[in-house]
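Below you'll find the structure, written out as structure tokens, and then a few comments.
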Amino acid sequence: MIKITFPDKNVREYNEGITGMEIAKSISHGLANDVLAVSVNGEIWDLSRPINSDAEIKFHKWDDAEGKHAFWHSSAHLMAEALEAVYPGVKLGIGPSIENGFYYDIDLGEGRSISDADLPKVESKMAELAKTKSSYNRRDVPKSEALKYFTEKGDPYKIELITDLADGTISFYTQGNFTDLCRGPHLPDTSYIKAIKLLSVAGAYWRGNEKNKQLTRVYGITFPKQKMLDDYLVMLEQAKLRDHRKVGKELELFTFSQKVGQGLPLWLPKGAKLRELLENFLKKVQKEYGYEQVITPHIGQKELYVTSGHYEKYGKDSFQPIRTPQEGEEFLLKPMNCPHHCEIYKSKPRSYKDLPVRMAEFGTVYRYEQSGELHGLTRVRGFTQDDAHLFCRPDQIKEEFIKVIDIIFRIFKALDFKDYIAQVSLRDPNNKEKYIGSDENWEKAERAIIEAAQEKGLNTVVELGEAAFYGPKLDFMIKDAIGRKWQLGTIQVDYNLPERFDLEYMGADNQKYRPVMIHRAPFGSMERFVAVLIEHTAGKFPLWLTPDQVVIMPISEKFNDYGKKVLNFLNNSDIRTLLDDRNEKIGKKIRDNELKKIPYLLIIGEKEEAGELVSVRKQGEGDKGSMGLNEFAEFIKNEIAKQLQEI
RNA sequence: GCUGAUGUAGCUCAGGGGUAGAGCACUUCCUUGGUAAGGAAGAGGUCAUGGGUUCAAUUCCCAUCAUCAGCUCCA
């Protein structure tokens, strides 16, 4: 008998050689139905693999990442089997599961290609194979036999993969007529795969190296239920409708010009308004937390970045130096604000009593991103960081982190981001020489971050080895309204720049000390943040932030004069209001202004003019009845105050 | 940067070796209306840019630029 320990520390005894599936069945019928894979002492196994000694186990179902991994990985094998059936002689590369589905890299051979139009053929072959309920059988083979198998099959990519593997045994998985080299784990059989959609075809270099041959990558996704696939496809459609490039154009927020240059966004009046409102909001919050605004130029001497180390590390990713014609001095478009801020710190002697010094700037920086990387507002060559640098004593790190977390929470609330993850990135304890700074400092800073996160009750994941070389960091990821994750703000400790710029402060003991620097940007960049906000809200911004809050729509031109009166009144009450005095019927005005996503539409006609009223229509919700003009203005101000947590 | 696709009116797109097309938006006129598209007329384009082939190129070929997808990268 062997002892099996469950996650709740419960222990049961089973016969040696029992499988995960048999254990699941012994617990409940429902579990046996849902389970997809099992962790055995932390390693993920097939449900059919015998367990021969005491073990801690955990079952994985669809709702955890490991369960999905087994499902999609098995689906990749099924797709490979279908591809071999439809395209005989196809050579296979790798076929992993990814965050949403799976892919397989294939080489169709000279003169053959596959396009989106060919995917349904492969899909139906997969469905046919899935129905055969073939089990995924694991088999350990010696390396030599593995090589022999793929040599006979004539699959050069697999041979290369096996050759690179350590000597010893290699696991093979077979389902139906298909055998693949694979670590596993896999589903019990193919019938689990009920809904299949192949999504796209793209090129990808063998092993991600552009010097290698380009293979064809086929992307797909599968689900245990048809309904789940249907929902997923609806979500993809939704994502398309929310695409910030599309919405940004429709709402006239920003544009690009081939003549200005790629990756250089032009903010249109409405987008600029939105950005200004965001910036003012953050400035106001930061002022409460003791930040001071500074302003620095867009260029700096090359020497500045040599000192900071950015030139050596990122020189090739910067715009090339500008030379002055007379002196031949070299200047860089600034890729970072921190070196400038270090020089501001150095502009006068600092005492321990002055710390922390908190310097904020909406600093525009320029980076030469590779042309293929540019994407809407999320990846651009010129962007504005909501940057700030906190210069503090080592013992102040934790408190400063707590304050930054508070600021980030304020933002999340004001913008209705409800779902987030905070990632704490620490150094790799086995690879300490990669990092600058003393052990003592690192331990202090890492402890400070973890404690700050705990005190604030953050929903945290810790990643070892993800820290920057100059210090640990805390990153915030939000989940948007349709469940996609976006990386946003970051807080980073930096021991490097204070060292390089020789920053100092005078201690109480009349000795000089080195301050610690904290970089932080709650939005990340204005460009990227606005993009995320557009995709999160689908362009329906919160009332306090939206460029146009109210539009007045007279029933006919006879009421345009009253419309102007209402317009003046609301604008004078600091409510951003437009008047739609076009010669159009009310239905048309409603439609057009709904499409512009203006939160409140006011209809005015004879009744309203007579009683100093407005008839209120809320975006997406329809008629709300009429209100006095004063009453409406108060109502709007109240709504905004609520959103900004000011009451 | 690499591979592939795309580039036609402000927007969304059709077309095709020989006067350039639609819908929406825009302008003017008619209409003056009560909660998601009233009607009519008009204006608008070096068909991304530069070369080449051709009697003739927006269309075919080459290059460049930009956009999109994927790969690689991201202080």
Side-chain angles (χ1 to χ4, degrees), chain A residues 98 103 105 113-116 199-219 243 245-246 249-250 252 255-264 305 308-318 334-339 365 367-376 378-381 383 385 387 468-471 473 487 490 492 494 496-497 519 521 524-525 528 553-560 581-596 601-608 615-626:
Chain A
I98 51 178
Y103 66 79
D105 284 346
S113 69
I114 179 170
S115 76
D116 286 353
L199 298 163
S200 61
V201 180
Y205 299 101
W206 170 236
R207 304 193 120 181
N209 186 334
E210 66 188 53
K211 294 197 180 76
N212 289 342
K213 181 162 183 186
Q214 189 163 43
L215 306 181
T216 303
R217 177 170 295 180
V218 183
Y219 284 90
D243 189 316
R245 294 166 298 184
K246 175 177 146 67
K249 197 181 269 177
E250 285 165 358
E252 298 184 6
T255 189
F256 289 89
S257 146
Q258 206 178 117
K259 216 161 195 164
V260 171
Q262 62 174 165
L264 300 171
Y305 304 102
S308 72
H310 290 117
Y311 188 78
E312 193 196 339
K313 211 166 162 60
Y314 296 106
K316 62 179 187 325
D317 302 318
S318 297
K334 76 173 165 187
M336 289 290 276
N337 300 303
C338 22
V365 298
R367 296 176 186 178
Y368 181 74
E369 303 285 358
Q370 293 187 44
S371 60
E373 312 305 334
L374 301 172
H375 180 92
T378 57
R379 199 74 187 274
V380 288
R381 284 180 170 170
F383 57 96
Q385 296 178 312
D387 212 357
F469 74 93
Y470 49 77
K473 61 180 179 175
Q487 154 109 47
T490 178
Q492 309 188 353
D494 187 347
N496 181 42
L497 284 182
H519 308 252
S525 84
R528 190 180 155 74
M553 307 183 302
I555 290 281
S556 85
E557 289 177 315
K558 278 190 278 190
F559 309 105
N560 280 353
D581 56 6
R582 291 176 303 162
N583 176 10
E584 292 291 350
K585 291 173 87 163
I586 198 67
K588 170 78 165 159
K589 291 188 186 182
I590 291 172
R591 180 182 154 79
D592 288 352
N593 289 298
E594 285 275 350
L595 291 175
K596 285 192 204 160
L601 316 189
L602 301 183
I603 294 170
I604 55 168
E606 201 173 346
K607 277 181 297 197
E608 288 76 14
S615 174
V616 180
R617 208 190 138 93
K618 192 167 178 189
Q619 202 288 110
E621 293 181 22
D623 195 356
K624 294 284 171 187
S626 59

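To find a chain, count down the sequence lines: A is the first, B the second, and so on, and within it residues start at 1.
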How far, in whole Å, is B:U67 from B:U54 if one measures between their P atoms?
35 Å
Could you work out the separation of B:U3 and B:A48 based on their P atoms and round it to a whole Å?
23 Å
Separation between the C1' atoms of B:C47 and B:G42, rounded to whole Å
23 Å
Under 4.0 Å, counting only non-hydrogen atoms across every strand here, what does A:Lys313 touch: a base, just sugar-phosphate, or nothing?
nothing
Whole-Å distance separating the CD1 atom of A:Ile555 from the P atom of B:G34:
7 Å
Got a sec, which residues hit side-chain hydrogen bond (donor to acceptor under 3.5 Å, both in side chains) with A:Glu621, two or more places apart in sequence or on another chain?
A:Lys624
Remember a base hit wins even if backbone is also touched, and classify A:Gly622 as base, sugar-phosphate or nothing at under 4.0 Å, heavy atoms.
nothing
A:Lys558: which residues meet the side-chain hydrogen bond (donor to acceptor under 3.5 Å, both in side chains) condition with it, sequence neighbours left out?
none
Dump every N/O contact between nucleotides 23-28 of chain B and the protein below 3.5 Å, one line per pair.
from, atom 1, to, atom 2, distance (Å)
B:A25, OP1, A:Lys588, NZ, 2.4

Walk along nucleotides 62-75 of chain B from 5' to 3' and tag each nucleotide B, S or - by protein heavy-atom contact under 4.0 Å, base first, then sugar-phosphate.
---BSSSSSBBBBB
Fill in the dot-bracket string of RNA chain B, one character per base: . for unpaired, | for a pair to another strand, ( ) or [ ] for pairs within the strand, taking Watson-Crick or G-U pairs under 3.5 Å.
(((((((..((((....[..)))).(((((.......))))).....(((((..]....))))))))))))....
Separation between the P atoms of B:G7 and B:C60, rounded to whole Å
10 Å
Rounded to the nearest 0.5 Å, the CG atom of A:Asp317 sits from the NE2 atom of A:His310 at a distance of 12.0 Å
Can you list the residues that meet the ring-ring contact (aromatic ring centres under 6.0 Å, His included) rule with A:Tyr368, with sequence neighbours excluded?
A:Phe319
Pairwise P distance for B:A9 and B:U49, with rounding to whole Å
11 Å
Mind checking what makes side chain to side chain contact (heavy atoms under 4.5 Å, CB included) contact with A:Ala468, not counting sequence neighbours?
A:Tyr470
Hey, what do you get for NZ (A:Lys334) to OG (A:Ser308), rounding to the nearest 0.5 Å?
12.5 Å
Apply side-chain hydrogen bond (donor to acceptor under 3.5 Å, both in side chains) to A:Glu369 and list each qualifying residue two or more places apart in sequence or on a separate chain.
A:Arg379
In whole angstrom, what separates A:Phe559's CZ from B:G34's C1'?
10 Å
With rounding to whole Å, what would you report as the distance between B:C74 and B:G17 at their P atoms?
48 Å
Name the nucleic acid region contacted by A:Lys607, choosing base, sugar-phosphate or nothing; use a 4.0 angstrom heavy-atom cut-off, strictly under.
base
Mind checking if A:Ile586 touches a base, just sugar-phosphate, or nothing, with heavy atoms under 4.0 Å?
sugar-phosphate
How does protein reach along nucleotides 42-47 of chain B, written 5' to 3' as B (base within reach of a heavy atom under 4.0 Å), S (only sugar-phosphate), or - (no contact)?
------
Categorize A:Glu608 for me: base, sugar-phosphate, or nothing, with a 4.0 angstrom heavy-atom threshold over every strand shown.
base
For A:Asn496, give me all partners under side-chain hydrogen bond (donor to acceptor under 3.5 Å, both in side chains), at least two apart in sequence or on another chain.
A:Arg500
Across all chains, not counting sequence neighbours, the side chain to side chain contact (heavy atoms under 4.5 Å, CB included) partners of A:Ile98 are A:Tyr103, A:Tyr219
Return yes if some donor-acceptor pair links the side-chain N/O of A:Glu608 with the main-chain N/O of A:Gly605 below 3.5 Å, else return no.
yes
Checking all strands, does A:Glu250 fall into the base, sugar-phosphate, or nothing category for heavy-atom contacts under 4.0 angstrom?
nothing
Could you measure between the two P atoms, the one in B:U28 and the one in B:U35, and give it in whole Å?
27 Å
Rounding to the closest angstrom, what is the interatomic distance between B:G45 and B:C71 at atom P?
41 Å
Which residues satisfy the side chain to side chain contact (heavy atoms under 4.5 Å, CB included) test with A:Gln487, sequence neighbours excluded?
A:Asp475, A:Met477, A:Arg528
Go through the steps to decide whether A:His519 and A:Lys473 satisfy the test side chain to side chain contact (heavy atoms under 4.5 Å, CB included), and finish with yes or no.
CA-CA 9 Å; A:His519 308 252; A:Lys473 61 180 179 175; over 6 Å; no
